[in-house]
Amino acid sequence: MPLSTAQSLGWNLARTMMTIIVLIETSAGYSVMPLDEFDGDPACIVCEYDPFNR
């Protein structure tokens, strides 16, 4: 998905699920997922959305 869509989705998921969501860059574009489910290369992480840090 495009970066702007992934950013919007990431923040929305973090606030809805009340968990840290990471935005990662893949070969097919960008994706978002909960941090505890991410087991890839940390260099792929573009941004973390922490609903408790705002």
Side-chain angles (χ1 to χ4, degrees):
M1 77 179 70
L3 179 58
S4 61
T5 304
Q7 289 172 321
S8 178
L9 179 60
W11 179 242
N12 188 23
L13 280 175
R15 295 290 294 170
T16 302
M17 297 173 61
M18 294 307 289
T19 188
I20 298 173
I21 301 292
V22 291
L23 170 68
I24 59 170
E25 185 173 10
T26 67
S27 59
Y30 295 92
S31 184
V32 294
M33 68 181 61
L35 178 61
D36 59 352
E37 293 182 14
F38 179 69
D39 61 353
D41 182 8
C44 294
I45 297 175
V46 175
C47 186
E48 290 184 3
Y49 297 100
D50 184 352
F52 303 106
N53 197 17
R54 286 220 172 204

In terms of hydrophobic clustering (I, L, V, M, F, W, Y; side-chain heavy atoms under 4.5 Å; direct or indirect links), are Met17 and Ile20 co-clustered?
no
Least distance between heavy atoms, Ala6 atom then Val32 atom:
O-CG1, 3.4 Å
Would a single hydrophobic cluster contain both Trp11 and Tyr30, if residues Ile, Leu, Val, Met, Phe, Trp and Tyr are joined by side-chain heavy-atom contacts under 4.5 Å?
yes
Would you sort out whether Gln7 and Tyr49 count as a side-chain contact (heavy atoms from CB on, under 4.5 Å), showing the intermediate values?
CA-CA 9 Å; Gln7 289 172 321; Tyr49 297 100; 3.4 Å; yes
For the atom pair CE (Met18) and CG (Leu13), what is the distance rounded to the nearest 0.5 Å?
13.0 Å
Under the 3.5 angstrom rule, does the side chain of Thr5 hit a backbone N or O of Met1 as a donor-acceptor pair?
no
Look up atom OG1 in Thr19 and atom CG in Leu35, then write down how far apart they are to the nearest 0.5 Å.
7.5 Å
Would Leu23 end up clustered with Ile45 when hydrophobic side chains under 4.5 Å apart are linked, directly or stepwise?
no
Transitively linked via ILVMFWY side-chain contacts under 4.5 Å: Leu9 with Leu3?
yes
From CA spacing to verdict: side-chain contact (heavy atoms from CB on, under 4.5 Å), Val46, Ile24
CA-CA 5 Å; Val46 175; Ile24 59 170; 5.8 Å; no
Residue pair Arg15 / Pro51: nearest heavy atoms and the distance that separates them:
NH1-O, 3.7 Å
